[in-house]
2 protein chains.
Amino acid sequence: MLRTNPAFLHFMERFTASGRESEAVAIKTFTAGTRLIRQGDTISHVYIIREGITKCYIEEDNGKDYIFEFLGKGEITGDLEGIRKEKCLCNIEAITPVTVYAIPHTLFSWLLLNNTEFNGLMLEELVIRIRQTCIRASYQQLYPVEYALLRLLALEAEQDIVIPKKDMAAYLGITTRSFNRTLKELRAKNILDPQGMNIDLTRKQLEEILRRFEDMK
Amino acid sequence: MLRTNPAFLHFMERFTASGRESEAVAIKTFTAGTRLIRQGDTISHVYIIREGITKCYIEEDNGKDYIFEFLGKGEITGDLEGIRKEKCLCNIEAITPVTVYAIPHTLFSWLLLNNTEFNGLMLEELVIRIRQTCIRASYQQLYPVEYALLRLLALEAEQDIVIPKKDMAAYLGITTRSFNRTLKELRAKNILDPQGMNIDLTRKQLEEILRRFEDMK
DNA sequence: TTAAGAGTGAGACAAATGTCCCGATTTATA
DNA sequence: TATAAATCGGGACATTTGTCTCACTCTTAA
């Protein structure tokens, strides 16, 4: 849900500290609500998030949004477009103030080709992304919304972040109305029986979720 | 829908023809219905499809299947597990007789590290896979089934292949009942050949249909 | 302090999808 | 060929999700 990549971040810290080719790397900041990348645009840089949280989403022609992931420290964006020169697939929007390393495509390609460590990190990142995207797509298609919602709440509690309802709904691919309804049903049922839901919830997570329910009242 | 990767296939043809390290590459065959890879297993080889069509799908605990893609010539599978040593994410099942190049993980890793062309092909493949998975997940979540189904039929017609209904439904993440119902509705709207599943439309006609649907909004 | 406006939650209804089941058709087998 | 078994399409109903709307709260500005 909120993905991070400490290894990538660490690499960039070392790389920028070591002068030389790293001069091309700029640091950019974005205020909350700004888009780092706009769907359909052609871009010339890859970003690696140094600080802050963004959402990665597609806007469909019918006006609906689908959020793929929330990206935090060390996550890379614009990489798909850096590898295959195509138009941007998703929007990347800052939901907190964000700082990034901006890497020009030329340097990005050079790193992929000449820096084994960077190349390996990139491969791993892509693999993780595919796995998570597949797991989520399947889960959301084949289980009732109630399950997916509960799982999302658990993740949110676990990572100790707060995501606006609108964004949660967009992440689940449902309307806020459905989101509210399901939330209400979960409350009414006193939720529990996580085992029946096939979700591993710790007592701590459950308590956190319940606490948040109270706040939502 | 049916993905292929001619560049990968071509690489393998050249590679196996050139002796040397390629001795480790074996050719395996599978009859229709057999699984090349079983979800949850630990594997030691990566496969590149030389001939035939497979389906790549997750089986959820509730017994439902979700098909991600149909994979044909030149597509690679087991690569995620070759890059990060994890248990298999998906099942890969032959739906026609299939022949593959079986590459041991040791050689696969070696190629990634030492063969720039192979590394590049792998990166591109992963990028394409992410793009397609994202586009589809979003589309299927945010548009009515009718749209997704029609699009699927168009793809099927375009690629001139026949996919069993059960698999089509699993690809769309719906039941066969829903699939049949939607099909019937499309027919009632004179969108499809009333004969049944066999689509008798040219590419051009299908495009016209899609355009009309856009207008219907 | 009040009034207009934005944002939010939920009721009522509509539409979409799943579940259960039966009868028709096809396939397999004696 | 005849009969049993399996498969398939679709009707009827239940459940889920979306749409529209309104009432309520919370600002903000006069």
Side-chain angles (χ1 to χ4, degrees), chain A residues 32-33 59-67 95 136-153 162-189 191 196-198 212-217, chain B residues 32-33 59-67 95 136-153 156 162-199 213 216-217:
Chain A
E59 257 181 303
E60 293 288 354
D61 291 338
N62 61 6
K64 296 180 180 177
D65 291 350
Y66 186 69
I67 296 180
I95 60 183
R136 189 157 81 91
S138 170
Y139 197 85
Q140 288 190 1
Q141 282 283 337
L142 302 184
Y143 284 95
V145 171
E146 197 169 81
Y147 287 56
L149 172 47
L150 190 55
R151 195 160 86 151
L152 181 55
L153 290 175
V162 177
I163 305 286
K165 276 194 181 182
K166 225 180 302 173
D167 287 345
M168 290 240 216
Y171 184 85
L172 295 172
I174 59 178
T175 60
T176 50
R177 180 71 192 92
S178 298
F179 184 88
N180 279 325
R181 180 159 35 211
T182 309
L183 213 52
K184 199 185 159 202
E185 281 159 10
L186 283 175
R187 270 199 228 105
K189 285 184 191 168
I191 324 182
M197 291 261 187
N198 191 26
R212 291 182 181 215
F213 272 175
E214 289 309 310
D215 293 346
M216 279 190 243
K217 272 293 200 172
Chain B
E59 256 182 304
E60 293 288 353
D61 291 337
N62 61 7
K64 298 180 179 177
D65 291 350
Y66 185 69
I67 297 180
I95 60 183
R136 190 158 78 92
S138 170
Y139 197 84
Q140 287 190 1
Q141 282 283 338
L142 303 184
Y143 284 94
V145 171
E146 195 168 83
Y147 287 60
L149 171 49
L150 192 56
R151 195 160 85 151
L152 181 55
L153 291 174
E156 197 200 21
V162 177
I163 304 288
K165 275 194 182 182
K166 224 179 300 178
D167 287 346
M168 289 240 214
Y171 184 85
L172 295 173
I174 59 178
T175 61
T176 50
R177 180 69 192 92
S178 297
F179 185 88
N180 278 326
R181 179 162 32 213
T182 309
L183 210 53
K184 199 186 160 202
E185 282 160 10
L186 285 175
R187 268 197 236 107
K189 292 179 189 172
N190 285 327
I191 297 302
L192 293 179
D193 179 351
Q195 306 291 16
M197 278 295 304
N198 284 338
I199 305 152
F213 263 128
M216 282 170 50
K217 194 172 69 143

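So that the names make sense, note that chain A is the first sequence line, chain B the second, and so on, each numbered from 1. The structure displayed is predicted, hence computed values, not measured ones.
Within the structure, a side-chain polar atom (N or O) of A:Lys165 is placed less than 4.0 Å from OP1 or OP2 of C:dG9. Taking only side-chain nitrogens and oxygens, A:Lys166 never comes nearer than 4.0 Å to OP1 or OP2 of C:dG7.
In this structure, A:Leu186 atom CG and C:dG9 atom P are separated by 15 Å, rounded to whole Å. Summarising the geometry, the separation between CE on B:Met168 and C1' on D:dC8 is reported as 16 Å, rounded to the nearest angstrom. Atom CZ in B:Phe179 sits roughly 17 Å away from atom P in C:dA16 (whole-Å rounding). Atom pair B:Tyr147:OH and C:dA16:C1' shows a separation of 14 Å (rounding to whole Å applied).
Residues satisfying the side chain to side chain contact (heavy atoms under 4.5 Å, CB included) test with A:Lys64, not counting sequence neighbours, are A:Asn62, B:Leu142.
B:Thr182 approaches B:Glu146 most closely through the heavy-atom pair CG2-CA, 3.7 Å.
Atom CG of B:Leu149 and atom CZ of B:Arg151 lie 11.5 Å apart (nearest 0.5 Å). Distance check: B:Glu59 CD to B:Ile67 CD1 gives 11.0 Å after rounding to the nearest 0.5 Å.
Rounded to 10°, the angle separating the first-five-pair axis and the last-five-pair axis of the helix from C:dT1-D:dA30 to C:dA30-D:dT1 equals 20°.
Of the residues B:Met168, B:Lys166, B:Lys184, the one that meets the side-chain contact (heavy atoms from CB on, under 4.5 Å) test with B:Phe179 is B:Met168.
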Protein within reach of the bases, or only the backbone? For nucleotides 10-17 of chain D, mark each nucleotide 5' to 3' as B, S or -, using heavy atoms under 4.0 Å.
BBB----B
